[in-house]
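Report on the following structure.
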Amino acid sequence: MSHVLQQLTQVLEQRKTADPNESYVASLYSDGLDKILKKLGEEATETVIAAKNGSNEELIYEMADLWFHSLILLSHQNIEPKAILDELERRFGLSGLEEKARREK
């Protein structure tokens, strides 16, 4: 896992016990899953719009927000980013069609 991802994971974990009045992430945790999911949906929409606008700068900025909020969701659900990386590694070398067929069995 990258150094940045490890650091961010640690910070997000620490924010679980932070004061929601002093930390944006702590306030999301405090507001619960629905608030986190709403924010994730907003970020996904903004990422799509950025891609449609054709600006790489805007897309990078919005994708960073989307990844960040995805990491908040994972942390809230007590899932380490490594689990996602492991799943991606498991899929490496499989065609998308083959992977989909395996899930449908």
Side-chain angles (χ1 to χ4, degrees):
M1 208 163 42
S2 83
H3 182 67
V4 171
L5 192 53
Q6 287 175 336
Q7 284 183 307
L8 189 51
T9 299
Q10 289 172 347
V11 169
L12 293 176
E13 201 57 34
Q14 291 167 354
R15 294 298 189 266
K16 287 182 175 181
T17 58
D19 183 346
N21 296 314
E22 296 180 10
S23 164
Y24 169 71
V25 173
S27 72
L28 288 177
Y29 290 142
S30 177
D31 288 341
L33 182 60
D34 286 346
K35 180 68 173 189
I36 294 168
L37 294 174
K38 179 180 177 189
K39 191 62 185 170
L40 187 62
E42 289 172 10
E43 297 302 340
T45 300
E46 290 171 2
T47 300
V48 170
I49 292 168
K52 291 289 281 182
N53 287 343
S55 165
N56 285 350
E57 238 179 69
E58 185 183 354
L59 178 57
I60 290 166
Y61 181 87
E62 294 301 341
M63 187 63 74
D65 280 351
L66 179 59
W67 284 14
F68 178 75
H69 287 86
S70 295
L71 291 170
I72 292 171
L73 173 61
L74 290 175
S75 179
H76 184 267
Q77 300 294 94
N78 297 311
I79 298 171
E80 298 216 6
K82 185 175 180 330
I84 308 307
L85 295 173
D86 289 348
E87 176 60 17
L88 289 171
E89 185 176 1
R90 183 192 68 79
R91 293 180 188 185
F92 195 80
L94 289 178
S95 77
L97 296 175
E98 183 182 356
E99 196 281 327
K100 182 178 178 187
R102 287 183 180 185
R103 284 186 282 134
E104 292 175 350
K105 288 182 181 180

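By convention here, the first residue in the shown sequence is residue 1.
Residue pairs satisfying the salt bridge (Lys or Arg N to Asp or Glu O under 4.0 Å) criterion with at least one member in residues 51-62, sequence neighbours excluded, are absent. Listed by first then second residue, pairs satisfying ring pair (Phe, Tyr, Trp, His ring centres under 6.0 Å) with a partner in residues 27-48 number zero, not counting sequence neighbours. Pairs engaging residues 30-53 under the ring pair (Phe, Tyr, Trp, His ring centres under 6.0 Å) rule: none recorded [sequence neighbours left out].
Proximity of Val25 to Val11: side-chain heavy atoms (C-beta onward) are nowhere separated by under 4.5 Å. Two residues are said to be in side-chain contact when any heavy atoms from C-beta on lie closer than 4.5 Å; Leu73 and Leu33 meet this criterion.
The distance from the OG1 atom of Thr47 to the CH2 atom of Trp67 is 10.5 Å, given to the nearest 0.5 Å. Note that CG of Leu71 is 9.5 Å distant from CG of Leu66, once rounded to the nearest 0.5 Å. To the nearest 0.5 Å, atoms OG (Ser70) and CD1 (Ile36) are separated by 11.5 Å.
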Please determine whether side-chain contact (heavy atoms from CB on, under 4.5 Å) holds for the pair Leu74 and Glu80, giving the CA-CA distance in whole Å, both sets of side-chain angles, and the decisive distance to 0.1 Å. CA-CA 7 Å; Leu74 290 175; Glu80 298 216 6; over 6 Å; no
List the steps, then state whether side-chain contact (heavy atoms from CB on, under 4.5 Å) holds for Leu40 with Ile72. CA-CA 9 Å; Leu40 187 62; Ile72 292 171; over 6 Å; no
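Take Asn78 and apply the side-chain hydrogen bond (donor to acceptor under 3.5 Å, both in side chains) test, not counting sequence neighbours, and it matches Lys16. For the side chain to side chain contact (heavy atoms under 4.5 Å, CB included) test, no residue two or more places apart in sequence or in another chain qualifies with Ile60. Residues meeting the side-chain hydrogen bond (donor to acceptor under 3.5 Å, both in side chains) test with Glu46, sequence neighbours left out: none. In this structure Asn21 satisfies the side chain to side chain contact (heavy atoms under 4.5 Å, CB included) test together with Asp19, sequence neighbours excluded. Ile49 pairs by the side chain to side chain contact (heavy atoms under 4.5 Å, CB included) definition with Thr45, Asn53, not counting sequence neighbours. Checked against salt bridge (charged side-chain N to carboxylate O under 4.0 Å, His left out), Glu43 has the following partners two or more places apart in sequence or in another chain: Lys39. Every residue two or more places apart in sequence or in another chain that forms a ring pair (Phe, Tyr, Trp, His ring centres under 6.0 Å) with Tyr24 is listed here: His69. Shown here are the side-chain hydrogen bond (donor to acceptor under 3.5 Å, both in side chains) partners of Asp86, two or more places apart in sequence or in another chain: Lys82. Taking Ala18 as the reference, Arg15, Ser23, Ala26 meet the side chain to side chain contact (heavy atoms under 4.5 Å, CB included) condition, with sequence neighbours excluded.
If you chain together hydrophobic residues whose side chains sit under 4.5 Å apart, Leu12 and Leu5 fall into the same group. Linking ILVMFWY side-chain heavy atoms closer than 4.5 Å, directly or via other members, places Leu37 and Leu28 in a single hydrophobic cluster.
Counted within 6.0 Å of CD on Gln77, heavy atoms from surrounding residues, nucleotides or ligands total more than 12; the atom is thus considered enclosed.
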